[in-house]
Every structure is written in C-alpha cells, then in structure tokens.
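Accompanying notes for the structure given below.
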Amino acid sequence: MQQAEMTQRENWRSRFGFIMAAAGSAIGLGNIWRFPYLTGEHGGSAFIIIYLLCIVFVGLGIMIGEFAVGRKTSLAAVGAYKTQNRSWTFAGALGVLSGFFIMGFYPVVGGWSLAYMVKSITGLLTVPEAIGDFFGAFVSAPVEPLFWMILYLAINVLIVAKGVAEGIEAAGKVLMPTLFLLLIFIIFRSVSLPGAGSGLSFLFMPDWSKVSGNTLLAALGQAFFSLSLGMGCMITYGSYLSKKENIPQNALTVVTMDTLAALMAAVAIFPALFAFGMEPAQGPGLVFVVVPTIFAQMGALGPLFSVIFFAALTVAALTSSLSLLEVVVAYLIDERKMERKKATYIASTVMAIMCILSSLSMGTLAGVKLFGVGFFDFFDILTDKIFLAIGGMLLAIFVGWFMKKEDLKNELTNDGTISFGLFELWYNLIKYVIPLAIFVVAFMGIAAIEQTSLMLFGIFIILALMVFSKKL
Ligand code: PFF
C-alpha cells in the first residue's frame, strides 16, 4: 500500500489559498532584492528579456512538472521521486539539501529587512549620505543582525509548526495581496518623480553588450530561484493540491504573478534611482542602500514610504522562507515519520546555526573561507548557481524519460475531464528542450564562474548523494 493512503494527508482548503501560498513561495527576496540588482548589473532590459525567455520556455514547464509529480504521488520531494523510481531518491534529497542551504542565508536577509522596517522610523533616514555606511556597519556587526535573524526565523517556525492550512495558507492569504498593494503604491510615487523617464528606458531599451555566458546562467538561476523551482518545493506544494484542480492553469497563474512582482519591483526602484542620479549596478546592497536613500530625499513622507517598502519586503521574504522550511519539514514528516512540531524545531535549529555563520561572515568571521568564499556566499552560490539548475534538469529528465506519458496526461487533464491543449508541446519541451537548454547554459556559466573549487565541491555533493541516498 502507498504511504499516502495510510495517513490522511493535509490539503489546501481552497484554490485561492493554494495560489496565494504558491505565489507567496515564489515571490520573495528573489523578486524584490535580487531581480532588481541583477537587472542593474546585467544591462537592464537585455537581462530582463533573457530572464523572460527562461521563465516562459523553462520555468513554466518545470512548474507544471513539479505540481504534477507532487499531486500524483501525494508526497514531498524525496518520497515523490522514491516511490516512482528508487534510484532517483537522490534528486529529492538534493532538493531537501538545497532548501536547507538556502535557509542558511535567506533568514539573514529577511532579518535585515525586518530591522530596516523598524529602523525606517527610528533614525535610518535622518542623514541620507550615511545610509551606505549604516548598512555596512549594521550587517557586519556581531550581535544585532543575529537578533533580527532569530526573530525572523522564529516567525517562520510559529507558522510552519501550525501546519499547512492554518499556518501557511492563512498567512499567504493576507500577506500576498498586501504586498501587491504596497508595490503599486510605491510605483506611483517612483514614476511620478522628475527624471524618472531614464529609469524606464533603462528597463525597456536593451543594451546587449553586457550579455555573456555568465548572464545566461544568472538569468536561468534567477528564474529557478524566483519561481521556487529545482528543489522540490513546488512538488511539496503540489502534493497538498486537490485532485480537482487544473494544474497547468494554476502554474500559469503563479508564474504570471511572480513575473509581475519582479517587474513591479524593478519599476518601483529604477525610475526613482535614475531620478536621483544613482548608479544602477549597486550589487546586493541595492535595496538596502539605494532605496532608503531615495526615501530619505523625499521629505516628511520618506519614513512612511520606507516602512511600507520594507514591510513589503519582509512579507515577501516570509512567505518564501516558510516554503523552504516546509520542504525540509515535509521530508521529516513523510520519510522520517516525525511529528510536525518536532520536525519544525529540529530543522529550524540547524538553520539558525547556519544563519549565524552566514551573518557573522559579513564581519567577525570575514576571514573564514570555505572554498574561497565566506559562509553567506557559500550557501548562496552553491544553491543558486549549481543545485537549483541541476535540480531542475533532473526533474525534467525524470518527468520526460522515467514517467509514463499516459500517466502525465491523466494527471494534467484530471483523467480527461479537463483539456490541456498544449500537452504535446509541454511534453516535448520537458523531455528534450529543457534538459538540453539547462545543460548548455549551466555548462557555459559554470565554465565562466570564478569559484571553481566551490563548483567542483557542489558536483561532488550531487555525486555523493547519488551513491548514498538509497538509504533515505
Ligand atoms: N522564490 C523565493 C524568492 O524568490 O525569494 C526563494 C525560494 C523559495 C527559492 C522557495 C526556492 C524555494 F524552494
């Protein structure tokens, strides 16, 4: 008998709740913190166009695949692969590991955001010229960022320990619509500033000279990171999805909302940035340095806008990290037969330890290097540049070559009761085009990347998982 039949599995209470939770997972720091700075570094709209191609031709197909695998098996990442084909357990294990590692730095940035929300009213904006130094001093301090990170992580634990419906679903339903309203509010303010037009043309007139192999990997990695793909998160969320739901349609809604949020974040930031004559290629400090500076120059309303912005960022981050924690928790519940609360506490304690190392690597532990990078970059680069893309490629190969076409068709058309006219196109994409495209882009990008030893280490981990994961 299948595991799923033995216990009553939790389910999303409503379609709206599922969409909000899945979109909440997708929309996060990736959209508001990372997408704008990658766009700034990689030449504006040229990067956006490549990113959109990755979303349409790779991301959407993989999301449909992940939902299908999750719902068909009613199991989270590891179990889903394992029940279909035992030698694929490693692909699920890689996903759980990716979730763990992303949670080794994500709550650190979530904590910064929480701190900035509060600091916006308590003096952050009083001296605009000092905001850059303030950021540097804040993130490298030994104790204060740890406090905010722990607070941020504690909110995650409280919600995930409550379970899927009451915790994650309820939080997403309130928090995600709030985020969209907040972004619209900031966009109006930003595009109405004098000089905002050059920001818009930066966003919509491509500069192809900045595009390289590294840009392609950055865009592909960003597509996976932003859509929460390549690590079994959407498999897990799909496993709680009712058999009546239309998977392709739900996937399209989530992808559209995620893309909209990223574009909205860029339209909120760049016009104001150009209006104030600032540099677009600011790197990861973009949000935390430039945005408060912009708000500080807005006069009396500045602090209010700043609070709203960082509240939105915190909300977005929260609904994503909930899903990351859930991937690990669901593994412990499904495969290790652990009780939900216990699983949540154990997983989050390990994550807190990794986050402490990541946060300290900004200052106190700056000299400690793993494979040539600090702890923060170690967790970030390993997941974003290696694990997620390879995880996505494995999912595509698994779906295309190891699952029955008939079964997939049944899953995606709810046993023929609804139509999915693009099934053949989707099937050919996931079977041939997507694995090949990811392989080529990953190969070109990995070859262009500086941290060779870290890349080799990542590949070594994947190989080790292939050998040892049969026991999981
Ligand atoms: N999609 C999230 C973001 O854009 O911030 C990050 C993320 C969440 C990645 C969940 C992967 C994941 F499984």
Side-chain angles (χ1 to χ4, degrees), residues 20-39 51 54-55 59 62-63 66-67 69-70 76-78 80 91-92 94-110 112-113 152 156 159-160 168 171-172 175-176 179 183 218-239 251 254-255 257-266 284 287 312-331 347 351 379-392 395:
M20 286 299 128
S25 162
I27 301 169
L29 293 171
N31 305 60
I32 301 177
W33 168 64
R34 186 174 264 159
F35 181 74
Y37 89 69
L38 287 178
T39 302
Y51 174 77
C54 291
I55 291 285
I62 294 211
M63 186 167 296
E66 289 207 12
F67 282 160
V69 170
V78 173
L94 178 64
V96 175
L97 195 67
S98 306
F100 239 122
F101 281 177
I102 296 178
M103 283 301 274
F105 72 93
Y106 205 92
V108 174
V109 184
W112 298 346
S113 179
Y152 176 85
N156 284 269
I159 299 176
V160 173
I168 303 178
L175 298 179
M176 292 321 292
L179 170 66
L183 276 177
L220 185 74
Q222 173 63 16
F224 280 109
F225 188 84
S226 189
L227 293 171
S228 305
L229 296 175
M231 52 155 282
C233 177
M234 292 304 179
I235 298 183
T236 308
Y237 273 27
S239 76
V254 173
V255 167
M257 285 174 70
D258 185 73
T259 309
L260 205 65
L263 295 176
M264 281 168 77
V287 163
L313 187 60
T314 308
V315 164
L318 199 62
T319 48
S320 302
S321 49
L322 288 177
S323 71
L324 286 157
L325 181 55
E326 177 65 19
V327 169
V328 180
V329 168
Y331 162 71
M351 288 162 182
F379 294 129
D380 183 1
I381 298 172
L382 202 57
T383 49
D384 188 45
K385 291 262 162 64
I386 316 175
F387 285 0
L388 295 189
I390 295 194
L395 179 105

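Both ligands and their constituent atoms are indexed starting at 1 by order of listing. Along the sequence shown, residues carry numbers from 1.
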(request) Write down the atom of Met234, the atom of Phe67, and the distance for their closest heavy-atom approach. (result) O-CD2, 3.3 Å
(request) Go through Glu326 and Tyr237 one step at a time and tell me if the side-chain contact (heavy atoms from CB on, under 4.5 Å) criterion holds. (result) CA-CA 9 Å; Glu326 177 65 19; Tyr237 273 27; 4.2 Å; yes
(message) Would you compute the distance between atom OG1 of Thr383 and atom CD1 of Ile390 and round it to the nearest 0.5 angstrom?
(response) 12.5 Å
Could you pull out the N/O contacts under 3.5 angstrom between ligand 1 and the surrounding protein atoms?
| residue | atom | partner | partner atom | Å |
| --- | --- | --- | --- | --- |
| ligand 1 | 1 (N) | Ser25 | O | 3.1 |
| ligand 1 | 1 (N) | Ala26 | O | 2.9 |
| ligand 1 | 1 (N) | Phe225 | O | 2.7 |
| ligand 1 | 1 (N) | Ser226 | O | 3.1 |
| ligand 1 | 1 (N) | Ser228 | OG | 3.0 |
| ligand 1 | 4 (O) | Ala26 | O | 2.9 |
| ligand 1 | 4 (O) | Gly30 | N | 3.3 |
| ligand 1 | 4 (O) | Asn31 | OD1 | 3.3 |
| ligand 1 | 5 (O) | Leu29 | N | 3.0 |
| ligand 1 | 5 (O) | Gly30 | N | 2.8 |
| ligand 1 | 5 (O) | Tyr106 | OH | 2.5 |

(request) Evaluate the ring planes of Phe105 and Phe225, with Trp represented by its six-membered ring, and classify them as parallel (under 30°), tilted (30 to 60°) or perpendicular (over 60°). (result) parallel
(request) Heavy atoms only: give me the nearest Ile55-Ala223 pair and the separation to one decimal. (result) CD1-CB, 4.1 Å
(message) What I want to check is whether the side chains of Tyr152 and Ser321 have a donor and an acceptor closer together than 3.5 Å.
(response) yes
